[in-house]
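Here is the structure we will look at, set down as structure tokens.
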Amino acid sequence: MPSKRSTISAKLSDKQPATAAPRTDQAIITTRSLCRYYGDDEHNKVKAVDNISIEIRPAEFTAIVGPSGSGKTTLLHLLGGLDDVTSGSVELAGTNIADMSGAQLADFRRDHIGFIFQAYNLIPVLSAAENIEYIMLLQGINNNTRKQRVEQMLAQVGLQGHGNRRPNKLSGGQQQRVAIARAMASKPDIILADEPTANLDSKTGIALLDLMKTLNETNNITFVFSTHDEKIMNRASRLIHIEDGQVIKDENR
Amino acid sequence: MQTLKLAMRNIFRNTRRSVLTIMLIGFSLSALILTDAITRGMLLLMTQNVTQTFSGEAQSHRKGYRQNLDIDLYFTSDLLEKQLHQDPAVKFYTSRVISGAMITSSHNVAAGLIYGVDAAGESKLGKTQQALIQGNYLTGSDHAASDILASDNITSDLITSDGEMLMGYAMAELLEADIGDRIVVSLSEVDTGELTQALFRISGIFKFGIREFDNNVAFVNINPFRSVLGLKANQSHEIAFSFIDPEDAKKPDLDIFKQLNNETIETLGWLELNKEISMIIEMSSYASLIVGIVLFSLTVLGVINSMFMSIYERIYEFGVFLAIGTRPVALALLILCEALLISLISCFFGMLLSFAIGSWTGVHGIPFGNVEFSGIAISSNILTQLHSSQFINFPLYVILLTLGAAIYPAIFAARIAPTEALQRSL
């Protein structure tokens with residue numbers, strides 16, 4: 001799937017003004033006039049994401065911020081190929097993922113995108129190590145490499161010795177660390193995190209964000225995460241403010 | 001392997017539900033196996049009642065004889081007996097002479113069927129001797145026959161002798177006759193049709209538990225009876241025989257059947273001779289099929305319900321699976337693997353249960369009381385018959401049906417949209 005380049009043209013609606021951001025070859029993610037509407041009726045149509053054009057560059061530590069219902073999660077799902085676009089395009093690593101089939105998207109997510117969710121991130125019947133290993137099994141990585149990388153990831157997130165524990169034997173913060181380790185294990189181009197600290201207390205949440213920031217700086221991993229917590233968003237190097245599905249402010253810090 | 005590992009662990013996440021599902025499938029399987037085992041046991045008992053009581057596993061007659069028991073349709077039996085004697089598949093054989101007769105005691109009269117039998121051969125082939133409830137079995141003496149033939153000093157047509165006779169208890173009750181009582185038998189001679197009479201003395205009273213026999217049949221020694229009927233010593237109406245392997249009786253292509261079937265003689269296995277039994281067997285297979293369909297339908301619904309509950313419970317988890325790159329088909333495979341493992345565990349449980357119950361009832365039997373079905377008595381306990389095919393075919397059906405039942409839930413799981421799944425709260 002990574003070889004598939006942007007041969008699929010963007011589905012631009014006549015009603016959507018072409019407000020595409022200037023293309024830079026360095027961008028990992030580029031969205032052009034990205035829209036996600038729910039409901040067919042014109043009067044009841046919900047514009048969860050409305051004409052968003054952004055670029056995310058490598059090694060950025062970007063926060064998508066906004067109030068509840070502003071479209072943060074929908075945007076992240078569109079960036080990760082979890083949701084269908086209504087119009088516009090999402091190019092990830094040069095590939096338009098908007099028109100991919102379910103299986104193609106699954107493979108693409110496996111190889112290029114890491115995900116961290118609010119909670120219940122981990123497969124409960126697998127240990128921490130097995131959760132991290134699972135995605136590498138999907139990638140077909142050999143046993144030795146998998147084991148080495150699991151140990152490496154656990155060390156990076158500070159969970160050495162916790163590999164055999166099932167998720168229910170880990171604290172919320174530890175579970176999110178395992179989720180980060182799992183997201184990094186596949187060596188993705190980008191990690192998308194949907195309010196990763198929402199279910200954590202503020203201290204643990206900040207510690208988690210610090211860990212993500214450290215990994216971003218030391219490993220040059222691109223992070224895009226959503227939050228509405230000001231303490232958390234202050235740690236981001238770029239803030240994309242959205243409201244009613246539209247970008248209202250895009251600031252580098 | 002990863003899918004199997006996940007499936008196995010998922011099964012035991014909700015132990016109560018899994019155990020209930022396993023019990024549902026396992027009990028259904030054991031019910032099916034035991035139903036089949038009971039049916040087989042009942043059929044075996046009925047078959048044994050038919051074949052081992054009196055009729056044997058196969059019989060030879062003159063063609064047309066069975067339709068109306070015409071006493072003129074006799075045949076020379078010594079050649080057939082020789083062939084049966086030489087055939088390695090044949091276990092026992094015996095010749096019979098049969099005639100309808102008016103049977104008269106000093107108190108009453110009854111119409112019945114007199115069988116002239118070879119005492120020794122009959123005791124090997126059937127249970128005539130064991131069926132005696134009073135008196136003694138036939139001695140097999142043909143001395144009386146000579147006496148009968150030599151009884152020219154009898155003034156009337158009545159031929160006298162003290163020939164032994166075994167009589168059904170119901171007929172004895174009707175005739176108000178007991179051991180030692182004299183019985184006059186009136187019948188027609190073969191070919192000439194002349195009326196003749198013979199005197200017998202009741203030496204034994206039997207009870208087969210088969211109404212037709214107990215009410216209507218009497219046994220006498222074959223040679224005296226041949227004489228009464230005007231038959232030669234090598235002439236008979238019927239030869240009954242049994243096989244070393246009872247299953248041979250169901251094989252019309254067997255050599256002995258080919259040898260003993262010609263223009264005048266027909267030789268048939270017990271299934272052909274007893275059409276009612278064939279119908280009962282066929283009917284019982286339909287009954288098993290219906291029981292199977294009902295049980296399997298319940299199982300299928302139970303499995304679908306259980307799988308859907310399991311899917312709805314894990315829908316967020318499936319969203320995570322899909323988000324991190326699991327293909328939809330892999331999710332479907334996971335559901336099918338879970339169904340496969342549940343069915344395997346269920347089959348193990350079901351087979352164990354049915355084997356334990358079936359083995360016990362196979363030895364101690366299931367009491368059915370004294371019932372008669374289509375003229376066939378089932379008086380003893382039904383011993384359940386466990387067979388390897390029950391532990392191969394039925395579990396295989398259960399596994400296939402469980403997998404079939406899991407296809408719809410599996411497709412449902414594969415079609416879950418990750419973004420919708422991730423929005424479901426737990």
Side-chain angles (χ1 to χ4, degrees), chain A residues 1 36 38 48 73-78 80-85 101-127 130-140 143 146 166-168 179 182-183 185-186 188 191-194 199, chain B residues 1-18 307 309-335 337-342 345 410-426:
Chain A
M1 301 320 301
R36 181 61 171 115
Y38 295 102
T73 297
T74 306
L75 178 60
L76 276 178
H77 284 181
L78 290 171
L82 294 176
D83 201 357
D84 298 327
V85 302
S101 69
Q104 287 173 323
L105 273 172
D107 290 349
F108 194 83
R109 285 196 295 267
R110 180 194 66 198
D111 295 330
H112 296 277
I113 307 169
F115 281 99
I116 304 165
F117 302 101
Q118 285 182 24
Y120 312 110
N121 256 305
L122 306 178
I123 311 302
V125 293
L126 298 180
S127 67
E130 287 169 338
N131 263 284
I132 298 168
E133 190 182 7
Y134 177 76
I135 198 160
M136 292 185 278
L137 275 165
L138 294 179
Q139 289 178 312
N143 187 47
R146 286 201 313 266
R166 291 272 179 96
N168 60 354
R182 184 184 63 191
S186 62
I191 292 176
L192 303 174
D194 183 16
N199 282 27
Chain B
M1 279 307 290
Q2 183 69 9
T3 307
L4 268 178
K5 185 166 80 178
L6 272 169
M8 182 58 91
R9 290 184 186 178
N10 280 332
I11 287 173
F12 293 105
R13 278 169 77 163
N14 191 328
T15 314
R16 186 181 298 169
R17 187 179 56 228
S18 296
M307 299 310 288
M309 281 169 64
S310 155
I311 288 170
Y312 279 121
E313 204 173 69
R314 294 182 287 161
I315 204 139
Y316 185 92
E317 189 179 312
F318 286 155
V320 173
F321 266 117
L322 292 166
I324 64 175
T326 306
R327 286 184 173 188
V329 71
L331 272 190
L333 198 65
L334 178 65
I335 300 296
C337 270
E338 288 174 15
L340 177 69
L341 289 173
I342 282 178
I345 296 168
I411 291 171
F412 178 86
R415 286 183 174 172
I416 290 173
T419 186
E420 285 175 20
L422 289 166
Q423 281 166 6
R424 301 272 180 99
S425 59
L426 295 176

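Here is how names work: the chains are called A, B, and so on, in the same order as the sequence lines, proteins then strands, and each is numbered from 1.
- Remark: side-chain polar atoms of B/R327 are not paired, donor with acceptor, to backbone N or O of A/D107 under 3.5 angstrom.
- We find the CG-CG distance between A/D83 and B/L422 to be 10.0 Å, quoted to the nearest 0.5 Å.
- Counting heavy atoms from C-beta outward, A/R182 and B/V320 have side chains that approach closer than 4.5 Å.
- Only the side chain of A/I135 comes within less than 4.5 Å of a heavy atom of chain B; its backbone N, CA, C and O stay farther away.
- Using a 4.5 Å cut-off between heavy atoms, B/R13 touches chain A through its side chain atoms alone.
- The candidate from B/A323, B/A330, B/P418 with the greatest count of non-hydrogen atom pairs under 4.5 Å with chain A is B/A323.
- Residue B/A417: no heavy atom, backbone or side chain, is found under 4.5 Å from chain A.
- Here A/I123 contributes atom CD1 and B/R9 contributes atom CZ; the two are 12.0 Å apart, rounded to the nearest 0.5 Å.
- Between the CG atom in B/L322 and the CG atom in A/L82 there is a gap of 8.5 Å [rounded to 0.5 Å].
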